[in-house]
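Residue numbers start at 1 and run along the sequence shown.
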Amino acid sequence: MKKVLSLVAATVCVASAVAQPKLTADNIDEVLKAMTLQEKATLLVGGSQSIMLNGIPTGNTNLVPGAAGSTRGIERFGIPNTVLADGPAGLRISPTRQGTSDTFYCTGFPVGTLLASSWDLAVVEEATTAMGNEVLEYGVDVLLAPGMNIHRNPLCGRNFEYFSEDPVLSGNMSAAYVRGIQSNGVGTSIKHYAANNQETNRNENDAQISTRALREIYLKNFEIAVRKSDPWTVMSSYNKLNGNYTQQSYDLLTKALRDDFGFKGIVMTDWGNKAGTINAVHAGNDLMEPGNQSEIDRIIAGVQDGTLSIEDVDRNVRRMLEYIVITPRFKGYKYSNKPDLKAHAQVARKAAEESIVLLRNQNNTLPLKGTEKISLFGISSIDFVAGGTGSGDVNKAYVVNMVEGLQNAGFSVDQKLSDYYQAQATAIRSYQRLNNIGGWAVSTKMADMAIPEGAIRTQAAQNDAAVIVIGRNAGEGADRVYKDDFDLTDIERDLIKNVSFMFHQAGKKVIVVLNIGGVIETASWKNLVDAIVLPWSPGQEGANAVADIIAGKVNPSGKLPMTFPMNFMDHPSSANFSYDNAMRQGGNNGRGGQRQVKDVDYTKYEEGIWVGYRYFDTQNQEVSYPFGYGLSYTSFAYSKPTVKASKDGGFTATVTVKNTGSVAGKEVVELYVSAPAGGLEKPAKELKSFAKTDLLQPGQSQVLTFEVSAYELASFNEAANQWETAAGTYNVLFSANVSECKASATHKVSKAKTFAVSDAYVQK
């Protein structure tokens, strides 16, 4: 080893004695040729830990305090550090800094699941354009977002960051997100590639997935995002996939991502330090984050002992240099540290308004007049959840709670009841501070407390309507649990039952607001209440948006990006998911010689392609709310469905949507396709496209157009290792949700088509 280090040092001295090129966009090959092995290895390892190179520290996490990481600079080539920061609901950096009284808050935008509920690419792009401006003006080069893993199971702890159970919705939402951020000249890192569908033992869990399910479900959304938005970077996940760590998989990072999808940027690891650095470099993982000296040492030693080719190193270094020259920091952008947070808060509010889902509205309970006196129940009315925990959280200046939101919308909130909850919340927060409860990825969500029946009866006598806020939070590092999380707690169930009984007895309405990050059970209690509003975790201005929905200042137009099952165990993945604390115990966590625990050390995706609605719809399994479901204060009629074949074997479809109600509103049209029988077994129908109307006045119509290619109609044939679009007649369904087709047409494919791919993940 001493001989290797001496050789490296001598090489550095010789190289330093010669005038070196300064990096530009046009001389990358020249710079690459002039770099020493140590410099090359250094550039492939993140800079969150300072390491000396030629007497100069290469790592720098103080460029933007609170940023997740950086790349390393090499001064003699004019290569700067670049800065990488979380996260998917807004930039995550430290809000305060030593030596200044200035603050550096960022806007808390709606979480990914709520953005996906908009089914509106323009809304997502507008929100993320504002988000990307904060990335730029705070001196960050890459936002580590969006999170876009598939909602395989309702209890995944990071579902709030992700978009959908469907890859077409997820992929297109991700592409819009990336386009918005990158329109500012900064980058994104789509993540977590791939199959990071649980947080339980996420560092070591082996996701065991068939090639067809991988291609059609778990990689398809990444493929769409890459093809439609050209993200600067991709983040490889911690977990294993079919036996190999994703960050060390040539099949995943080169064959699928680059050869099949056409990705041109850099791949970085999620934040860790796995031993297989040589395998990662060979596989096409260009950047190891957050960065450790041992990883640099492994790369150098690998080249020296022949276990790593210099060609692999040079390939990755070239990609890193190609990335660096397009960053704001390389270009010398003079960031202001003063983005327009006031304007961005209004953008976040608008995004929430466009995305909130109305699940129930019996007898037109909503909208209320906007002047009612409200009994506001639930600790979450005070402890309102804007976003999740961990890297998905944002250090924001404020969060509007439901008391404030309803008051801002013109409602009068019962002071005595809200004061009670405020006092409880204050006491709980004080206890948490005194006992140091909480932390970066630890939820401090307050549990609800029982309300005496006599107090509820008094509220029903004195006020006009009840609003009950049910809250949940989750985040990085742990999955949710079945008891008292997916299911309501006994206290919550009693609260809904008692409030509903007493307010209905008084002839008054009850509205539930679901301030949650992931799916919960609704079937057993939804019929007790008059209306259910679902804002998910809607960002710092979200409570204002909820109140505007309740008051009718905004007509809800969001629709569900996933299915709400009747029961947790109805879900096709629940038989293979760690869904309670007992099942989380054990596991080898990467330590050899210990037993392998099902759903902890390995998870068999035995449901295959039957994820979410693909299963429920095909099996005619009853659900509480179907995929794509959402109500409006108006009504819509679909007419004049047309399908015209395109030259490639796909089609262009149109449908006319008319507002047949009495108030202005927007409608999402979901385009599903049913494939002809025969050949591969397929779902009853699959989402292929979607569109949202403009704000239509009563009586106004709009024609929506959908483009679907022959490739997008294809299913994956594992035996032949190719995509196949079968010949035959396809039913094209213009739907309000997966269970409600409102117009249809047909498309005939006269000749079958096939589409070749690499042999990534071919079952041998």
Side-chain angles (χ1 to χ4, degrees), residues 116-123 169 350 352-370 509 511 526-527 530-535 545-546 548-561 564 613 617 623 625-644 652-674 685 687-707 731-746:
S117 300
S118 73
W119 293 68
D120 191 326
L121 302 182
V123 164
L169 182 57
K350 177 186 174 185
E353 291 172 349
E354 296 283 347
S355 307
I356 290 171
V357 184
L358 181 62
L359 290 178
R360 181 172 172 83
N361 195 24
Q362 287 300 103
N363 301 318
N364 297 316
T365 293
L366 297 179
L368 300 179
K369 295 177 181 177
K509 302 297 187 180
I511 300 105
K526 65 182 182 181
N527 292 331
D530 302 291
I532 303 175
V533 179
L534 173 63
V546 174
D548 283 345
I549 293 284
I550 292 174
K553 296 178 181 180
V554 174
N555 189 346
S557 60
K559 296 194 176 184
L560 291 179
F564 273 57
Y613 75 85
D617 184 60
V623 299
Y625 293 109
F627 177 80
Y629 178 87
L631 301 176
S632 172
Y633 296 152
T634 190
S635 57
F636 299 94
Y638 297 15
S639 64
K640 302 177 183 177
T642 69
V643 172
K644 182 179 180 181
T652 299
T654 64
V655 70
T656 299
V657 180
K658 182 178 181 179
N659 183 345
T660 55
S662 59
V663 297
K666 299 181 178 181
E667 172 70 340
V668 174
V669 176
E670 304 160 25
L671 189 79
Y672 297 91
V673 173
S674 293
K685 63 179 76 78
L687 183 73
K688 295 300 180 182
S689 187
F690 57 90
K692 194 170 191 176
T693 67
D694 299 331
L695 184 67
L696 299 181
Q697 298 299 320
Q700 186 178 3
S701 298
Q702 183 178 352
V703 176
L704 296 179
T705 301
F706 310 84
E707 302 280 349
N731 290 320
V732 181
L733 312 173
F734 303 86
S735 304
N737 60 70
V738 73
S739 299
E740 187 180 359
C741 174
K742 301 183 75 170
S744 65
T746 59

Here the gap from Trp119 atom CH2 to Ser557 atom OG, rounded to the nearest 0.5 Å, amounts to 12.5 Å
Closest heavy-atom pair, Ala745 versus Val643, reported as atoms and distance to 0.1 Å, is CB-CG2, 3.6 Å
Heavy atoms, side chains only, cut-off 4.5 Å: are Ser735 and Glu740 in contact?
-> no
Heavy-atom neighbours of Lys350 NZ exceed 12 at 6.0 Å | no
When you look at Lys666 and Glu354, which way does the salt bridge (Lys or Arg N to Asp or Glu O under 4.0 Å) test go after all the steps?
-> CA-CA 9 Å; Lys666 299 181 178 181; Glu354 296 283 347; 2.9 Å; yes
Atom pair CD1 (Ile549) and CG (Leu358), whose distance is rounded to the nearest 0.5 Å = 8.0 Å
Leu359 backbone acceptor or donor facing Tyr629 side chain under 3.5 Å = yes
The single option from Ile532, Val533, Leu560 passing side chain to side chain contact (heavy atoms under 4.5 Å, CB included) against Val357 | Leu560
Ignoring hydrogens and angles, tell me if any N or O in the side chain of Asp548 forms a donor-acceptor pair with the backbone of Val554 under 3.5 Å.
-> no
Taking the side chain from Asn555 and the backbone from Ala664, do they hold a donor-acceptor pair closer than 3.5 Å?
-> yes
Heavy-atom side-chain proximity of Phe636 to Asn659 below 4.5 angstrom | yes
Residue pair Arg360 / Asp530, side-chain heavy-atom distance below 4.5 Å | no
Can you find a heavy atom in the side chain of Leu368 that is under 4.5 Å from one in the side chain of Ile511?
-> yes
Report the distance from atom CG of Asn737 to atom NZ of Lys742, rounding to the nearest 0.5 Å.
-> 9.5 Å
Are Ser674 and Leu733 close enough, and set up right, to give a side chain to side chain contact (heavy atoms under 4.5 Å, CB included), and what steps lead you there?
-> CA-CA 8 Å; Ser674 293; Leu733 312 173; 3.8 Å; yes
Which atom pair, heavy atoms only, marks the closest approach of Pro561 to Ser117?
-> CD-OG, 3.3 Å
Hey, does Thr705 have a side-chain heavy atom less than 4.5 Å from the side chain of Thr652?
-> yes
Can you tell me if NZ on Lys688 sees more than 12 non-hydrogen neighbours from other groups inside 6.0 Å?
-> yes
What is the minimum heavy-atom distance between Gly552 and Tyr633, and which atoms define it?
-> CA-CE1, 4.1 Å
Considering all heavy atoms, the nearest Glu670-Ala736 contact = OE2-O, 3.0 Å
First locate atom CZ of Phe690, then atom CG of Leu121, and finally report the distance between them rounded to the nearest 0.5 Å.
-> 4.5 Å
Rounded to the nearest 0.5 angstrom, the CD-CG distance for Gln700 and Asp694 is 7.5 Å
For the student: nearest non-hydrogen atoms of Val655 and Ala743, plus distance = CG2-CB, 4.4 Å
Grab the two heavy atoms, one from Asp617 and one from Val738, that are nearest each other, plus how far apart they are.
-> OD1-O, 4.0 Å
May I ask you to test the Phe706-Thr654 pair for a side-chain heavy-atom distance under 4.5 Å?
-> no
Ignoring hydrogens and geometry, is there a side-chain-to-backbone donor-acceptor pair from Asp120 to Ala122 under 3.5 Å?
-> yes
What is the ring orientation for Phe627 with Tyr613, classed by angle as parallel under 30°, tilted 30 to 60°, or perpendicular over 60°?
-> parallel
Per the side chain to side chain contact (heavy atoms under 4.5 Å, CB included) rule, which among Lys559, Lys692, Gln702 passes with Glu667?
-> Lys559
Interatomic distance, OG@Ser689 vs CG@Leu671, rounded to 0.5 Å, equals 5.5 Å
